[in-house]
Amino acid sequence: MIVGTLLAIFALALAAPTLHRVLGRATGYVLALGPLVAFGYYLTQMNPTASGEAVAVGWTWSQSLGVEFSFRVDSLSTLFALLVTGVGTGIVLYANSYLEGHPKRGRFFGYLLGFMGAMLGLVLADDLILLFIFWELTSITSYLLIGFDHEREKARKSALQALVVTGLGGLSMLAGMVLLGQIAGTFSVSGIIEHHHVLADSPLTVAAMILILGGAFTKSAQFPFHFWLPNAMEAPSPVSAYLHSSTMVKAGVYLVARLNPAFLEDPAWQWSLSCFGGATMLLGAYLATRQTYYKKVLAYTTVSSLGIMIMLIGLGAPQAAAAYIFAHALFKGALFLVAGIVDHEAGVKDTEQMGGLFGKMPVTALVAIISGLSMAGMVPLLGFVAKELLLKGSLHAHGGPHEVAWLWPTISTIAGAFMAVAGFQAGIRPFLMRRSATEDYPKKPHEAPLPMLFGPVVLTGLTLIGGVLPALFTAPIINGTTASIAGGHDVELVKLDAIYMATHASTALLLSGIALVAGALLFVLRKPWRAITRPLDRVATAIGCERIYHLLFNGTVGPVSLATVQTRFLQSGYLRVYVQVTVLTTLMLGGGLLAWKGGVVDSIAQALPPFGEIAWTELLFEAVLVSMICVAAIASTQMRGRLSTIAVLGVVGYCSAVIFVLFGAPDVAMTQFAVETLTVIIFVLVVYHLPRFAVYSSRKAKSLDALLGAAFGLMMAAFVVSSFAITADDGISWFYNHYALPDAPGEHVAYGRNLVNIILVDFRALDTLGEITVLGLAAVGVYTLLKLRQERPAQGGMA
Amino acid sequence: MNSIILRTATRFMLPLLILFSIVVLLRGHNQPGGGFVGGLLATSAFVLYAMAFGVPAMKRLLRVPLTTYIAIGLGMALVSGVPGLIESKPFLYGMWASFELAGFGELKVGTPLVFDIGVYFTVLGVCLLMLLTLAEES
């Protein structure tokens with residue numbers, strides 16, 4: 001059933017463009033059924049998993065690598081699966097109306113559902129490698145989604161930026177996962193958690209941890225990689241709502257939460273999570289107060305919220321983290337959808353340009369107000385409950401550095417105040433306050449159609465219910481998830497029902513109040529605040545990695561950019577430069593290896609028999625052949641005509657083939673003869689197209705080439721000779737003989753006497769299959785390039 | 001090339017060369033030879049024909065486009081891997097069957113042979129396609 005939900009969503013993704021052609025407007029309603037059914041299934045898993053059960057299903061994928069195609073659903077996975085499918089259902093419905101009449105709507109649904117399937121697979125996978133595959137799939141599909149409006153340059157650039165940053169992190173994560181799998185002896189996530197004591201003994205654990213965090217931090221936009229997330233707001237609103245409330249960016253949080261039981265006791269884990277999380281929380285929230293564009297406000301608060309989640313896990317407050325993940329998905333998803341509605345129905349993106357929209361779109365306004373206040377942490381909403389837990393968690397930090405215990409509640413309160421400003425900016429400013437601009441809205445503001453309201457209203461309803469009756473979600477989802485994040489460790493569970501009791505008055509409540517009041521004050525004074533803090537903007541951008549990113553992509557050295565320089569150097573377009581670079585690189589690597597290993601002279605001495613013992617008569621044939629090759633090779637550099645050069649090169653080839661005959665390699669010799677013949681024919685055909693033979697190279701260039709060639713030849717000779725000194729393992733030829741020769745005793749894997757051929761077509765047939773596939777593709781490539789040039793003579797020179 | 005000697009010789013040589021290439025292909029399992037060399041030899045035979053009678057004549061001789069030869073070759077190589085899978089052995093595992101041929105004795109046929117014939121066709125298709133494309137250019 002688990003795999004069924006995945007397959008169904010992927011199948012819908014593939015079918016979406018075709019369905020759209022057939023169904024037209026109704027596509028979204030049909031497609032929404034997929035995630036809806038999956039959502040229903042994971043609802044039924046909620047109670048069993050909350051009590052600690054886990055459903056697991058799996059198949060062996062690659063036995064030799066120890067990789068399994070396995071899934072496991074526990075409470076943490078259920079929470080995320082519910083968010084992915086539940087929010088996903090709303091998004092599909094919303095997008096159906098949002099992209100009404102868009103020519104590429106069918107393709108959009110394909111991308112969206114593909115992303116949904118990848119994300120669902122990610123949170124269900126129980127194998128690190130499988131998880132990685134889904135992880136990368138989310139990166140690729142999100143690239144397509146962020147860059148959906150690919151005709152705008154900014155959308156393309158932002159999509160590429162998100163892909164590069166999360167892709168680099170993904171590679172780092174893969175290295176970390178392989179390392180982790182090697183240390184633990186298994187790639188199974190549950191297996192690693194079960195045997196986590198092995199990790200504590202290995203010195204490599206820290207390296208694996210840092211590499212994995214590299215993936216998690218880039219995906220979850222942690223400082224200093226946070227810059228890609230606000231840029232990704234170029235995506236259509238439903239995409240932002242989906243990717244940045246409950247899915248894509250939370251993949252990193254999910255991974256950290258998932259692996260937390262394995263690393264929990266490691267101080268390095270606690271330190272890095274709490275410090276980077278804390279910094280992200282503070283920076284994101286601060287930057288959010290500086291924004292006025294609706295989606296940008298939301299983007300920076302998302303950065304901040306992700307920081308909060310990471311920090312809470314690091315501080316050893318899994319319950320707070322679980323509650324915050326849930327609360328954030330609800331209010332942020334709703335707010336992003338509101339941003340889309342306002343943009344869609346009123347045509348304004350800047351919150352300071354909005355105002356008085358309550359009367360025009362009351363339902364949207366209610367949704368925005370409740371969700372915005374939830375983000376601000378107002379009673380009695382789920383955001384308040386989550387913030388209460390956040391402050392409690394930071395006050396009683398179990399993990400993280402104890403010396404600075406005062407730091408966590410302080411920055412949490414400050415960030416809380418900033419978040420409140422952003423909450424008011426998004427929830428109150430556009431709807432309840434007056435509009436300052438005098439001209440009309442670009443579009444006549446009106447309420448959004450029903451399908452677009454469905455998602456936001458349901459999410460907001462849950463925010464409200466969760467705030468008033470937090471106990472309703474405690475048992476089935478929050479506490480189970482808490483147990484998953486904490487692993488087998490005991491955690492202190494705050495009773496959420498008691499949160500509104502009069503006896504509850506505590507430091508956390510006080511801090512919450514301070515944050516709210518400070519936030520309200522700051523919101524009133526937001527204009528002077530933005531003016532005062534403007535000079536700090538340079539600092540804020542300077543400490544992110546965005547500068548490094550831009551330097552790498554568009555960075556300039558003098559008048560030319562870095563990318564241009566390296567392209568000019570590596571891809572000059574001149575064949576001789578390519579050959580030179582290849583030869584030089586091989587020379588450096590190979591020559592370096594020979595020099596490093598040493599002993600070349602010794603092995604040459606070893607390989608050659610003593611001078612007196614050489615039987616000169618036996619060497620006669622070889623000597624003649626070798627001198628012919630030498631003469632022909634030298635002649636080929638001196639020839640003045642192309643045809644004669646080709647003919648002379650042919651002599652080199654045929655002579656080497658004869659040498660193969662002499663040394664008992666008839667297979668190689670036959671092939672060499674045939675190849676040599678055809679090569680000469682091909683050369684003759686190519687010569688036809690080349691310009692007249694002329695000498696362009698200067699003496700200097702020629703002597704450089706001669707030097708390179710001679711050095712390369714010497715190196716190859718040294719390699720060949722030193723290979724004599726290696727005594728080959730007889731095991732390999734014994735193996736082939738034993739399992740292939742018809743008269744060998746015992747079991748046979750292959751039959752035949754020509755081992756060269758048996759290896760090609762049987763033992764290593766898969767390699768050969770790969771090779772002939774490449775051959776076929778190369779031929780089609782040659783064909784296409786040459787035919788293309790024939791058809792468009794104006795653009796000649798392509799081939 | 002308009003040479004009567006070449007044309008006449010080619011008429012006799014072509015079937016012989018192709019027959020030879022098939023022999024090389026089939027004997028490859030026990031003696032020097034195999035699909036790769038066989039394919040190259042067959043290519044040479046057709047190139048000879050193209051030299052004598054021109055490229056269009058050679059194309060008529062081949063009947064189907066060269067890409068089809070490549071596709072047939074790759075398809076045969078791929079299909080030869082399936083029997084291994086059916087017997088729940090690894091993909092491309094060599095499977096053999098033997099027949100009793102009246103008057104000839106036992107004949108053994110295996111998937112590696114199918115694979116090698118696939119290589120033969122692919123190499124033939126690839127080399128001829130490249131050569132023909134270049135030749136038609138001129």
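Nothing here was measured: the structure is a model prediction, and the numbers come from that model.
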Identify the heavy atoms of B:V126 and A:A779 that sit nearest to each other, and give their distance.
-> CG1-CB, 3.7 Å
Which pair of non-hydrogen atoms, one from B:T133 and one from A:V782, has the smallest distance, and what is that distance?
-> CG2-O, 4.3 Å
CZ (A:F660) with more than 12 external heavy atoms under 6.0 Å = yes
Verify, without hydrogens or angle tests, whether A:D667 (side chain) and B:G33 (backbone) share a donor-acceptor contact under 3.5 angstrom.
-> yes
Given a strict heavy-atom distance threshold of 4.5 Å, which part of A:V668 is in contact with chain B: side chain, backbone, both, or neither?
-> neither
Region of A:L760 that comes under 4.5 Å of a non-hydrogen atom in chain B = backbone
Looking only at B:V24, B:L132, B:L74, most heavy-atom pairs under 4.5 Å shared with chain A are made by B:L74
Whatever's closer than 4.5 Å to a heavy atom in chain B on A:T773 counts as both
Should we say atom CZ of A:F621 is surrounded by more than 12 heavy atoms from elsewhere, each under 6.0 Å from it?
-> no
For each of B:V47, B:L131, B:I70, B:V119, tally heavy-atom pairs with chain A at distances under 4.5 Å, and name the one with the top tally.
-> B:L131
Do other residues, nucleotides or ligands put more than 12 heavy atoms under 6.0 Å from B:L16 CG?
-> yes
Option in B:D116, B:L41, B:L128 with maximal non-hydrogen atom pairs under 4.5 Å from chain A | B:D116
Answer yes or no: is there a donor N or O on one side and an acceptor on the other, between the side chain of A:D762 and the main chain of B:P112, under 3.5 Å?
-> no
About how many Å separate CE of B:M130 and CG of A:L685, when rounded to the nearest 0.5 Å?
-> 13.0 Å
State, yes or no, whether a side-chain contact exists between B:F36 and A:I772 at a heavy-atom distance under 4.5 Å.
-> no
So which part of A:A778 gets closer than 4.5 Å to some heavy atom of chain B, the side chain, the backbone, both or neither?
-> both
Nearest 0.5 Å please: distance from the OG atom of B:S44 over to the CG atom of A:L678.
-> 4.5 Å
Say you draw a straight line from CD of A:E771 to OG1 of B:T122; how long is it, rounded to the nearest 0.5 Å?
-> 12.0 Å
Test log, rule side-chain contact (heavy atoms from CB on, under 4.5 Å), inputs A:N754 and B:Q31 = CA-CA 5 Å; A:N754 180 2; B:Q31 282 155 314; 5.8 Å; no
Highest number of heavy-atom pairs under 4.5 Å with chain B among A:T677, A:L775, A:V756 belongs to A:L775
Any chance CZ of A:F683 has more than 12 other-residue heavy atoms, nucleotides or ligands included, within less than 6.0 Å?
-> no
Determine, stepwise, if the pair B:F91 / A:L769 fulfils side-chain contact (heavy atoms from CB on, under 4.5 Å).
-> CA-CA 11 Å; B:F91 179 61; A:L769 184 62; 4.1 Å; yes
Rounded to the nearest 0.5 angstrom, the CG-CE distance for B:L40 and A:M670 is 10.0 Å
Contact class of B:L78 relative to chain A, heavy atoms under 4.5 angstrom | both
